[in-house]
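In listed order, ligands and their atoms are each counted from 1. Note: hydrogens, waters and symmetry copies are ignored here, and every other heavy atom, side chains too, is used.
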Amino acid sequence: MANSLAAVTGASAGIGAVFARRLAAQGYDLLLIARRGDRLEQLAAELESAHGIHAEACVADLSVAADMYRVAARLSAEPRLELLINNAGFGVKGRFYEAPLEDQLKMHRLHIGAILRLTHATLPPMVQRGHGAIINVASVAGFIRSAGSISYCATKSWVNAFTEGLYLDLKAAGSLVVVQALCPGFTYSEFHDVAGVSRDSIPKSLWMTAEDVVDQSLAGLRRRKLFVVPGWRYKFIVALLNHIPVALRLKFETGTPYKRARVEEPANRV
Ligand SMILES: NC(=O)c1ccc[n+]([C@@H]2O[C@H](COP(=O)([O-])OP(=O)(O)OC[C@H]3O[C@@H](n4cnc5c(N)ncnc54)[C@H](OP(=O)(O)O)[C@@H]3O)[C@@H](O)[C@H]2O)c1
């Protein structure tokens, strides 16, 4: 019998590459998607020879509509697709009004547009077959608003809301298809190099390996968990953020007491 197929976006580095390695070891054939084809080819060859699976490199910039639609068409026509991992992502550093708008728009196209499109292409055949799974890689940042990276937080917040909504749709339809929002905290990968953010400012105790993150995600998938937050520290932070009043959350987010903004009366008001 042919192997099941898993598609991983952002498979050329970090968390996506670890997903590819773990899934190859489980016997999945792989569709590895990212922009750097040389990296994908190298990983595909390594996994084929190590695990006797078939791995294919699919070079695509998922922030570009034509590439996104090409990949979506490929996924919807693949009857063996059992698992889609929407993982590709990046961060943009800087205050919203100072950071380049085009970078932020690109992030929205990748974190929101591509996930929406690829999920829409993938779910109908999965629902029809009655099995399959989608993991959307969000972030602990999806539960907070953080000065200096608000577009990132907002897109990850969307990923959390979208995945929870999918869960409700599938449950209402009585479908056994599984969805997961994976919400890592700080994870060793190329992410911070790409974003131009130093790792030194972040306490060592908060860092996790991509292997730990992926292992907890896949363990959560077996238990059909909707939200997977790897690491006890992050579980605690997310639980706290979900239960405290907004005023306290803002204090946590800014490190300064929340003061209600005073609204000045316009001088010409009648
Ligand atoms: N690392 C963290 O601390 C952390 C924490 C929470 C959540 N996350 C999330 O985890 C996911 C994976 O990030 P990572 O930490 O593994 O970072 P990474 O090592 O930089 O990997 C990012 C992956 O996304 C791909 N990618 C970026 N832009 C793309 C585009 N336009 N089209 C297609 N692929 C694209 C990159 O491949 P190419 O450059 O070859 O295209 C790469 O394979 C992201 O969604 C990120 O937001 C990371």
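Taking the six-membered ring where tryptophan is involved, the planes of Trp207 and His192 are perpendicular, since the angle between them exceeds 60° and thus also 30°.
Clustering of Ile, Leu, Val, Met, Phe, Trp and Tyr side chains at separations under 4.5 Å leaves Val59 isolated, with no partner residue.
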Worked check of salt bridge (Lys or Arg N to Asp or Glu O under 4.0 Å) between Glu211 and Arg21: CA-CA 10 Å; Glu211 284 77 9; Arg21 290 204 156 83; over 6 Å; no
Full working for salt bridge (Lys or Arg N to Asp or Glu O under 4.0 Å) between Glu190 and Arg39: CA-CA 13 Å; Glu190 296 176 10; Arg39 293 256 197 128; 2.9 Å; yes
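Of the charged side-chain nitrogens involved, at least one lies within less than 4.0 Å of a carboxylate oxygen, so that Glu78 and Arg74 count as a salt-bridged pair.
No option in Thr119, Thr9, Thr122, Thr163 other than Thr119 meets the side-chain hydrogen bond (donor to acceptor under 3.5 Å, both in side chains) test with Asn86.
Near ligand 1, Gly10, Ala11, Ser12, Ala13, Gly14, Ile15, Ala34, Arg35, Arg36, Ala60, Asp61, Leu62, Ser63, Asn87, Ala88, Gly89, Leu110, Val137, Ala138, Ser139, Tyr152, Lys156, Pro184, Gly185, Phe186, Thr187, Ser189, Glu190, Phe191, His192 each place a heavy atom less than 4.0 angstrom from the ligand.
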